[in-house]
Amino acid sequence: MSAAIDPLAPLWLSAVLLALGIIGVFVRRSLLTMAMSLQLMAAAAVLALVGFDAQHLSVAPSHAAPGQGLGVLILTVAAAQGMVALGLVIARQRIARRGRGRGVSPW
Amino acid sequence: MSLADALFWLHGFVIVAAMLAGLTTRSSERTSVAWFLVGSSALVGVFVLLGAFVIAIAHLLFCAGFGLLLFFVIDAVEEPTGEASGSDVSHWLVVLLGLGGAVFLATTVIGLVPETRGAAGEGLAAVTFADVGRTVLVDNGLATMATGLVLLAATLGAGFLARRGLD
């Protein structure tokens, strides 16, 4: 990481993003927005890991990048949970459409 | 405050502003545009600033794929609420797309300025795909396998959930 960037700056930004994601999950009622908030929280975790990684590389240069490796894994898991969330949204919509005539709640 | 520091906080401001705009609007389309076009492109710029080029590319691909899928689901699922007129939505889209394009341009410029090019600016060994691949597949092989299984289970589960409404 460039020495000009404060090592704590990525962590502050990550904390703000995590807080916004938590607010989105608890405040918004839309399932789609809640899923997007979860993606935002995952991105905040990746940013924190990359920040730690950059700090580690600036102190002890090496070819190992554990933070970025874990970041790739977190992005993979985020993609998986995003797919499940979108599948839930589609299933909920179909159940709601089918039960609308019978007065059935989707949940 | 150096150039890299200023660029970092500029991108951070764009990210937080896009996330706040997405949180305060009631439309899922606007939220997804604000978060997955503007916020994520600025986040890619932050990753470039921090020297994490692999994560930047992975995040860009992830957001492009998830964003496209999200737009498809929103289009298929959501019914028009009538709370926002068409011109209002298109105005928002134009503004946000312009911001996203500006952030992409800034990210490209960052990559061209040597002193802001993350790890390369300090003479450190830039993390390459081979380094990340070694970390992921060799040092954390078990975690990678477990993640692959989770991804497979999630894919099957999402397909099952999406088909369930048809039966």
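No experiment lies behind these values; they were computed from the predicted model shown.
- Clustering of Ile, Leu, Val, Met, Phe, Trp and Tyr by side-chain heavy atoms under 4.5 Å joins L156(B) with L152(B).
- Ring geometry for F62(B) versus H59(B): interplanar angle of 30 to 60°, hence tilted.
- If you tally non-hydrogen atom pairs under 4.5 Å between each of A85(A), G21(A), G24(A), A80(A) and chain B, the highest count goes to A80(A).
- Comparing M83(A), M36(A), Q39(A) by heavy-atom pairs within less than 4.5 Å of chain B, the highest count is held by M36(A).
- In this structure, the side chains of L86(A) and L32(A) come closer than 4.5 Å at one or more pairs of heavy atoms.
- Note that CH2 of W9(B) and CG of L49(B) are 12.0 Å apart. Values are rounded to the nearest 0.5 Å.
- In this structure, the separation between CG on L20(B) and CD1 on I23(A) is 8.0 Å, given to the nearest 0.5 Å.
- Contact annotation for L47(A): both backbone and side-chain heavy atoms come within less than 4.5 Å of a heavy atom of chain B.
- Only the side chain of V16(A) comes within less than 4.5 Å of a heavy atom of chain B; its backbone N, CA, C and O stay farther away.
- The parts of L73(A) that come within reach of chain B are both its backbone and its side chain, each placing non-hydrogen atoms under 4.5 angstrom from that chain.
- Proximity to chain B (any heavy atom under 4.5 Å) is restricted, for L40(A), to the side chain, taken from C-beta onward.
- Side-chain atoms of H11(B) come within 3.5 Å of backbone atoms of L7(B) as a donor-acceptor pair (strictly under, hydrogens ignored).
- Neither the backbone nor the side chain of A35(A) comes within less than 4.5 Å of any heavy atom of chain B.
- Per-residue heavy-atom pair counts under 4.5 Å with chain B were compared for L20(A), L49(A), L17(A), V77(A), and the maximum is reached by L20(A).
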